[in-house]
Amino acid sequence: MPENQSGRSDSAKLKVAVLKKRRDFLALRNSPKTGAPAFLMAARRNPEAGDGVRVGLTVTKKLGGAVQRNRIRRRLRAAVREVFPFHAEAGKDYVLIARSAAHSRKYAAILDDVKQALLRLAKDHK
RNA sequence: CCAGACGGUCGGACGGUCGCUCCCCUUAAGGGAGAGGAAAGUCCGGGCUCCAUGGAAACACGGCGCCGGGUAACGCCCGGCCGGUCGACCCCCGGGUCGGCUGAGGGAAAGCGCCACAGAGACGAUACCGCCCCGUUUCGGGGCAAGGGUGAAAAGGUGCGGUAAGAGCGCACCGCCGCGCCAGCAAUGGAGCGGGCAGGGCAAGCCCCGCCGGGAGCAAGACCGAAUAGGGACGGUGCGUCCUGCCGACGCUGCGGCUGAGGAAGGACAGGCGGGUUUCCGCGCCUUUAGCCAGCGCGCUAUGCGCCGUCCGGGUUGGUUGCUUGAGGCCGUGCGCGAGCGCGCGCCCCAGAGGAAUGGCCGUCCCUUCUCUUCGAAGGACAGAACCCGGCUUACAGACCGUCUGGCUUU
RNA sequence: GCGGGCGUAGCUCAGGGGUAGAGCAUCACCUUGCCAAGGUGAGGGUCGUGCGUUCGAAUCGCAUCGCCCGCU
């Protein structure tokens, strides 16, 4: 896999869990954010995340009907699955808020966006 | 062959790789299944579950409405009747036949209400322009409702006769009303006889008649139940009070006082009457008539608060279930014009998530658009299951099939 | 899942079968040295969309689109 060159090795992959509770999403509202053409990313250190990370997706009704929203959610989830195990910070909660460009932007570009956003958030937090 | 209308069917195909949800099997591996015709809107009808295990009637409210059939049921579907409209043909100008499309299509001799403007007159109404007769012909009296005009609608239509002019005044055809007859399960139709003809429209206005409907909805409902907090019972223990205090579903006195239709704080912290109303029958459950205060009587030796332990009840996050085998699909066959129904001991099992799976990338083919010489580039209609069925409605690129209509070509 | 409401002038709203209206805003004129206020007048409407009932629909019925709200 080329994605692990600047990140962890295969053996050190992080476990990625799903963020489910509404209060966890609300807690992320005032956390540091960074933007990308296809989404907005917020992160927050949370002991409940444990060794891995937890990720939640937000796709609002403003972005379209159920078909459009499903497609956006699936593309973002595929990107998260590829990038997060190697570049995310352990013990953190992440939330990605989708924007309308997530529907038509090239998948390779989204992969790069996710990676850059993770690096930016890690640097800001120091 | 092309175009249009209507109806029906389908609605991208195959493969590689990395993943997701469920099921099977398992040490691991592995195998199988995985969105729609509308899954949508939530407009109807049911199943299922709860509302206490109920029953009956009336009222209110809501819905439906030609007839027959289909169905678990329907406001759906099928067939028929009648009406409207379009086309073709027949034909004595009126009508008939066939075909397509279409109709929320009971009742206006139960009652109430509305019918603006225009117009002379608009609901059981009317004589403006007129027509005709008579008279002292600018005018008056009488007769008429055929013609003009208004209007959505003006008291049957057309023709002939008739008349002073007219009029169902008379006649023929059509329409209308009544009567029985025939055909049909019925809606309705047919011919006959009689009557010269009788005033409308709106019920998607109130309403009348007939029929139907108890309410809520899988976040229904059932089960298991952590930590913490809190409730109850019992036991132990410490302290306070017994000049007392406290309790009582004990009683009395006080036209006593204060508070009371609330405030503050905290909390998941148990609650109330019983289907929209009424009546009748029958039944279950809860509560004790606001509390505090003062005094008296009676009763009790305890009682209150804190801590510890055991048990019990409630039930939150959460988990399990309901949850997918069903008015099921396919094939064959019989009945029926059809919607559909029956049969086979025929074949099949076909999504079951819960911040919610069916996705990412790549290749070949099929379409569409662009460039148009190729190479090539972009894209794939409408749209995503959430308890399950039957319908309706709405959205939809393109392909195919059938019926009808029109055009062109050929024989 | 269940239920309710609203779409009318640029804005806020009346009108519930018979010619579409009010206030504010806009424009013009009067008034003033100028502006504001005031006065007079004018323009501005697919009544969200479609189909139907009716002689006639913003109004009645059905469907549809958009927005808002409540309960669980």
Side-chain angles (χ1 to χ4, degrees):
Chain A
M1 275 211 184
E3 262 64 11
N4 66 353
Q5 285 174 356
S6 56
R8 298 178 183 77
S9 65
D10 269 353
S11 55
K13 279 197 292 189
L14 284 176
K15 283 190 177 166
V16 180
V18 179
L19 199 62
K20 292 185 179 180
K21 287 202 165 38
R22 176 175 160 76
R23 54 186 173 83
D24 292 329
F25 280 82
L26 294 179
L28 269 288
R29 280 192 307 188
N30 295 321
S31 304
K33 298 183 194 62
T34 184
F39 57 86
L40 221 64
M41 184 186 283
R44 169 174 168 267
R45 194 166 294 283
N46 189 341
E48 286 182 50
D51 295 337
V53 296
R54 301 192 304 174
V55 181
L57 293 173
T58 296
V59 186
T60 65
K61 270 191 183 170
K62 211 188 277 184
L63 298 180
V67 175
Q68 295 241 337
R69 294 204 307 272
N70 274 340
R71 178 151 184 88
I72 288 169
R73 183 161 41 79
R74 286 163 180 162
R75 300 190 80 199
L76 288 181
R77 187 156 52 203
V80 165
R81 200 177 61 80
E82 268 191 66
V83 178
F84 264 60
F86 302 102
H87 296 281
E89 274 189 277
K92 273 193 168 183
D93 286 348
Y94 291 88
V95 164
L96 274 74
I97 302 164
R99 309 168 84 169
S100 57
H103 188 254
S104 52
R105 190 167 170 80
K106 290 237 183 241
Y107 183 71
I110 292 181
L111 285 181
D112 197 55
D113 290 342
V114 173
K115 188 168 150 189
Q116 295 304 321
L118 284 175
L119 295 177
R120 239 176 297 148
L121 281 175
K123 203 165 63 179
D124 288 350
H125 209 259
K126 294 296 178 213

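Nucleotides B/C185 and B/C48 place their P atoms 39 Å apart, quoted to the nearest Å. Between the C1' atoms of B/U163 and B/C202, the separation comes to 42 Å (whole Å). Only the C1' atoms considered, B/G130 is 8 Å distant from B/G148, to the nearest whole Å. Nucleotides B/G83 and B/A60 are separated by 38 Å at their C1' atoms, to the nearest Å. The same atom, C1', is picked in B/A186 and in B/G80; the two are 10 Å apart, to the nearest Å. Remark: the separation of the C1' atoms in C/U64 and B/U71 is 30 Å, to the nearest Å. Taking atom P on both B/A395 and B/C382, the two are 14 Å apart, rounded to the nearest angstrom. One P atom belongs to B/A33, the other to B/G65, and the distance between them is 49 Å to the nearest Å.
Between A/E82 atom CD and B/G19 atom P there is a gap of 11 Å when expressed in whole angstrom units. Protein atom CG of A/L57 is 9 Å distant from nucleotide atom C1' of B/G355, rounded to whole Å. Computed from coordinates, the A/K106 NZ to B/G379 P distance equals 6 Å when rounded to whole Å. Taking atom NE2 of A/H103 as the reference point, atom C1' of B/G380 lies 13 Å away to the nearest angstrom. Put simply, CG on A/N70 is 10 Å from C1' on B/U358, counting in whole angstrom units. Across the protein-nucleic acid pair, A/L111 atom CG and B/G359 atom C1' stand 14 Å apart, rounded to whole Å. Rounded to an integer number of Å, the gap from A/R73 CZ to B/U21 P is 14 Å. With rounding to whole Å, A/Y94 atom OH is found 23 Å from B/G355 atom P.
Across all strands shown, C/C29 forms a Watson-Crick or G-U wobble pair, both distances under 3.5 Å, with C/G39. Across all strands shown, B/A73 forms no Watson-Crick or G-U wobble pair with both distances under 3.5 Å. Base pairing of B/G272 is not made with any nucleotide, judged by Watson-Crick or G-U wobble geometry with both donor-acceptor distances under 3.5 Å. Across all strands shown, nothing is found opposite B/G338 as a Watson-Crick or G-U wobble partner with both distances under 3.5 Å. Partner assigned to B/U277 is B/A58, using Watson-Crick or G-U wobble distances below 3.5 angstrom. In this structure B/C207 sits in a base pair with B/G107, meeting the Watson-Crick or G-U test at under 3.5 Å. Pair check for B/G161 finds B/C169; Watson-Crick or G-U wobble, both atom distances under 3.5 Å. The partner of B/G240 is B/U303, judged by Watson-Crick or G-U wobble contacts that both fall below 3.5 Å.
A donor-acceptor contact shorter than 3.5 Å is absent between the side chain of A/Y94 and the backbone of A/R44. A side-chain donor-acceptor contact under 3.5 Å links A/R75 to the backbone of A/R105. For the pair A/R54 (side chain) and A/K92 (backbone), a donor-acceptor distance under 3.5 Å is absent.
Judged as a ring pair (Phe, Tyr, Trp, His ring centres under 6.0 Å), and not counting sequence neighbours, A/F39 has no contacts.
B/C392 adopts an anti glycosidic conformation, its chi angle falling more than 90° from 0. Taking the O4'-C1'-N9-C4 or O4'-C1'-N1-C2 dihedral as appropriate, B/U324 has a value within 90° of 0 and is therefore syn. Base orientation for C/G10: anti, the chi torsion being more than 90° from 0. In this structure, B/G37 shows a glycosidic angle within 90 degrees of zero, which is the syn conformation. With its glycosidic angle more than 90° from 0, B/A165 adopts the anti conformation.
When the nucleotides B/C361, B/G355, B/G384 are ranked by their closest atom to the side chain of A/T58, B/G355 comes out on top.
Residues A/L118 and A/Y107 are members of one and the same hydrophobic cluster, defined by side-chain heavy-atom contacts under 4.5 angstrom among Ile, Leu, Val, Met, Phe, Trp and Tyr.
Across all strands shown, A/R69 has no heavy atoms under 4.0 Å from either base or sugar-phosphate atoms.
At least one side-chain heavy atom of A/D112 sits less than 4.5 Å from a side-chain heavy atom of A/Q116. The side-chain heavy atoms of A/R69 and A/R73, taken from C-beta on, include no pair separated by under 4.5 Å. Using a 4.5 Å heavy-atom cutoff, the side chains of A/V55 and A/V95 are not in contact.
Positionally, the nearest nucleotide of RNA chain B for A/V55 lies more toward the 5' end than for the other of A/V55 and A/R71. Each of A/A78 and A/R81 was assigned the nucleotide of RNA chain B with the nearest heavy atom; the assignment lying further toward the 5' end belongs to A/R81.
For A/R77, no side-chain nitrogen or oxygen approaches OP1 or OP2 of B/G360 to under 4.0 Å.
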